[in-house]
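Heads up, the thing below is written out as structure tokens.
All residue numbers in this chain count up from 1 along the given sequence. This one's a predicted model, so the numbers in the text were calculated from it and none came from an experiment. Side-chain atoms are counted along with the backbone in the values below, which use heavy atoms only and exclude waters and symmetry mates.
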Amino acid sequence: MIQAIVFLPLIGALIAGAITLVGAHARNPGGDEMDHGHDDHAHAAQAHDDHGHDDHSHDDHGPVEPPAQGSRAAEIITTALLLTSAALSWVMFVNVGLLHHDIRVELFPWINSGDLKIAWTLRVDTLTAVMLVVVNTVSSLVHLYSIGYMHEDPNRPRFMAYLSLFTFAMLMLVTADNLVQLFFGWEGVGLASYLLIGFWFQKPSANAAAIKAFVVNRVGDFGFALGIFAIFALVGSTDFETIFASAPGLVGKTIHLFRWDVDALTFTCLLLFMGAMGKSAQFLLHTWLPDAMEGPTPVSALIHAATMVTAGVFMVARLSPLFELAPNAQAFVMFIGGTTALFAATIGLVQNDIKRIVAYSTCSQLGYMFVAMGAGAYSVGMFHLFTHAFFKALLFLGSGSVINAMHHEQDIRNMGGLKDRIPFTYTVMVIGTLALTGFPLTAGYFSKDAIIESAYVAHNPFATYAFLATVIAAGLTAFYSWRLIFKTFHGEPHDRAHYEAAHESPYVMLIPLAVLAIGSFAAGLPFKELFAGHGVEEFFRESVKMKPGILEEMHHIPEAIGYLPTVMMVLGFVVSWLFYIRRPYLPIELANQQPMLYNFLLNKWYFDELYDLIFVRPAKWLGRFLWKKGDGLLIDGLGPDGVSARVLDVARNVKLLQTGYLYHYAFAMLIGAAGLITWFMFSTGAQQ
């Protein structure tokens, strides 16, 4: 069964990829690849500038360019295979999580080099089973949703191939039995995200966003790779079972690094967490996430809701036996998580792009998950990962439905009053918002509150800081989430033409929204005991190593602390209602009174500008210097170009001697003879 779960998406990706190649050849039989020139023209004219840059070009009369051959087949095949994989994942969840039938399937030997022996093995314990359910459920719904959302795009088979490839890479990551296999999936999702974010490669902004995501993730992945090297150097293996068995023996060991002796486990865990910071868009390595909104909306839901950005959280949970033995590394994890939760929430307050607001919300919620990891409450962090997948995918896909209704408009300032035009989308977006803000009985209420409680009882140097950061972020989250709802669906329409043309999305897009809306409730209370209650030890067993006693302490916190997140949620809602429904002039007045603060938040704390100043410009200057001075002037000037230039100079000057006139040659011979006689006379005189 596990082989089918993992490889069905790969089969779908290969079939859709083959259809893409056949369609490209049919459209351009004389060309070597896809007809990019024709694509450029089509995309300039068709209604798929996802950011509404060329609104005048949008129409609802279908694609300008005919769809690739086999588009419908690619959509049906990939979606059917993903739905099958998702159904099998739920069966696996019951077998492994509830019936305790862990699975370990060795497929084939992979790398045998000296002491490094790696077999390609599929490992399914409870932690993996949870991720299989999350990844395949959301991915299958995104595939289904994409059939409707991408119906105008002529390159649908390529899009479906990328989606399925991404899902396969993520499944390889979560079923890995060793760090090298995990790294394969880790880099695979990085590649697929690059392809998906830059899917509309005719848009320079999409290309720039794809490159930015790829480069920023390479920074984190460099640390992750060094962490894997360090583990192999310390343990002599990358196999999880061997690493976990050897971990207690590494306590107190040091690594000699640049004349310092650093704690081996702490240093290794920090390197590994550096990879998680990049992949999960944590503070300092977060800048790629909002720009990734340049990709189609289904991509945003797939990458930023349940799959790629949660890879870092999963990795820390998988390596919990190491992190539990490195309290300083845990403290850093909690600090980064708390900082990200608060930092991203502040930026979300003033953003105007509907997808970017939800993207910063994702960034903030990932910070919550890492707070739980830093507290040692790994199951609680996984609980929020599990619930967050449903309501955040709902919010992203709901935003896509709004964008579709508003003719690809994404600025919430140009919306308003849409609840009467698209009532179903409005309803599910409200459900997603309730879950995100932690409204009682929604999925987010149980998981988010549990994280805040874990921070309150954690024995961590940054526990108080993380607790305060997550509580404040809860209020800010409620504010900006309801701001999105109020400005999009309430009030007077700001763009009458788009408002009048707004219509509900097709059923193929609404069905995934309905399923995710149900999940936004059903993923909470029924699973609370398994993830954050008395059934955790029996459910997770050996798949994560919890900090002893933390769940028991969470059950005995003061009553006021338990109600605090709900109070902040209500406070955020009330302020948002006051600002955008009761007295809509207040936000404008506040922005005018505090222009520096407003611009600081609007420009995302100026991180992009800061990184441009610190890293991008010096790197460009260095590259240009090495190109012009080093390569051009020094290497080419003194090397190949210099030598060839001197040879040409000599040849050019020698050529001047060959005039063809007889008297020139006679004169040269005369000079030669005179010189020879002179030399002979002087040499004879010297001998005498």
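- Atom CG of Leu195 sits about 11.0 Å away from atom CZ of Phe201, to the nearest 0.5 Å.
- Checked for salt-bridge contact, Lys279 and Asp221 meet the test: a charged N lies under 4.0 Å from a carboxylate O.
- Each of Gln181, Glu106, Glu241 was compared with Arg123 under the side-chain hydrogen bond (donor to acceptor under 3.5 Å, both in side chains) criterion, and only Glu241 meets it.
- A side-chain contact (heavy atoms from CB on, under 4.5 Å) with Phe370 is found for one member of Val316, Thr339, Thr340 and no other, namely Val316.
- A distance of 6.0 Å or more separates the ring centres of Phe332 and Phe462.
- Residues Trp120 and Asp177 have side chains that never bring a donor and an acceptor to within less than 3.5 angstrom of each other.
- The CE atom of Met150 sits 8.5 Å away from atom CZ of Arg156, with the distance rounded to the nearest 0.5 Å.
- Ring orientation note: the planes of Trp110 and Phe184 are nearly perpendicular, at an angle over 60° on the 30°/60° scale.
- Salt bridge annotation for Asp261-Lys253: absent, with no cationic side-chain nitrogen under 4.0 angstrom from a carboxylate oxygen.
- A distance below 6.0 Å separates the ring centres of Phe343 and Phe607.
- Under a 3.5 Å cut-off, the side chain of Thr266 and the backbone N or O of Val262 do not form any donor-acceptor pair.
- Counting only N and O atoms by type, the side chains of Trp605 and Thr346 include a donor and acceptor under 3.5 Å apart.
- Classified by interplanar angle (parallel below 30°, tilted 30° to 60°, perpendicular above 60°), the ring pair Phe283/His286 is parallel.
- With respect to Arg218 and Glu187, a salt bridge is recorded, a charged nitrogen being found less than 4.0 Å from a carboxylate O.
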